[in-house]
Amino acid sequence: MLRDNRIVLGLAVLIVLLPLVVPLPSTQNAAFGGADDQAGNVILELRPGYTPWFEPLWEPPSGEIGSLLFALQAAIGSGVVAYYFGLRRGRRERSERTNARV
């Protein structure tokens, strides 16, 4: 069991570190942007005179604040998912201990 966990952990570390060491040829000289910007550019290509019918209620004061809010949203979401899986595992282990006593 411990050996299997080490293999899985080693593979996970390799998967995380591999893109840092070996960059993909398709990502070189690539501009990173959001899906909203890409969709807006496609709409402007298809209909150059298009005016948006909706404006955001609030714009972050800077790109860094927007990135911070996006990262915070991702952290909260991953925390909720991790809590759910931890809760399920805890319940399963408690159920197994209870069944083992009976």
Side-chain angles (χ1 to χ4, degrees):
M1 182 76 167
L2 185 62
R3 183 171 180 237
D4 292 340
N5 288 341
R6 288 181 186 166
I7 291 171
V8 171
L9 182 62
L11 288 173
V13 168
L14 183 67
I15 289 171
V16 168
L17 293 180
L18 190 62
L20 299 175
V21 176
V22 182
L24 296 174
S26 63
T27 59
Q28 294 178 357
N29 300 327
F32 293 99
D36 294 341
D37 293 337
Q38 292 178 359
N41 291 337
V42 169
I43 289 171
L44 287 177
E45 284 178 18
L46 295 175
R47 297 186 68 187
Y50 177 78
T51 57
W53 57 272
F54 180 79
E55 293 292 327
L57 298 176
W58 179 73
E59 288 276 341
S62 68
E64 290 82 11
I65 299 294
S67 296
L68 172 71
L69 293 175
F70 185 77
L72 183 64
Q73 177 186 4
I76 290 172
S78 63
V80 168
V81 170
Y83 174 79
Y84 172 76
F85 283 115
L87 182 68
R88 298 253 336 208
R89 181 178 176 172
R91 285 182 179 171
R92 186 185 65 212
E93 289 177 356
R94 184 176 54 194
S95 175
E96 289 173 357
R97 276 186 268 143
T98 303
N99 290 338
R101 291 181 189 162
V102 175

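Please read these numbers as outputs of a predicted model, since none were measured by experiment. FYI, the numbering just counts along the sequence from 1.
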Would you say [X] and [Y] are hydrophobically clustered, going by side-chain heavy atoms of ILVMFWY under 4.5 Å?
| X | Y | value |
| --- | --- | --- |
| Leu44 | Trp53 | no |
| Val8 | Leu11 | no |
| Leu20 | Val13 | yes |

Are any side-chain N or O atoms of Ser95 and backbone N or O atoms of Arg91, one a donor and one an acceptor, separated by less than 3.5 Å? no

Look up atom [atom1] in [X] and atom [atom2] in [Y], then write down how far apart they are to the nearest 0.5 Å.
| X | Y | atom1 | atom2 | value |
| --- | --- | --- | --- | --- |
| Asn41 | Asp36 | CG | CG | 11.0 Å |
| Leu68 | Ser62 | CG | OG | 9.0 Å |
| Arg94 | Thr98 | CZ | OG1 | 7.0 Å |

Decide if atom [atom1] of [X] counts as having more than 12 heavy atoms of other residues, nucleotides or ligands within a radius under 6.0 Å.
| X | atom1 | result |
| --- | --- | --- |
| Phe70 | CZ | no |
| Asn99 | CG | yes |
| Trp58 | CH2 | yes |

Work out which heavy atom in Gly66 is nearest to a heavy atom in Pro60; give both atom names and the distance. N-CB, 3.8 Å

Taking the side chain as every heavy atom from C-beta outward, state whether Pro56 and Glu59 have any atom pair closer than 4.5 Å. yes

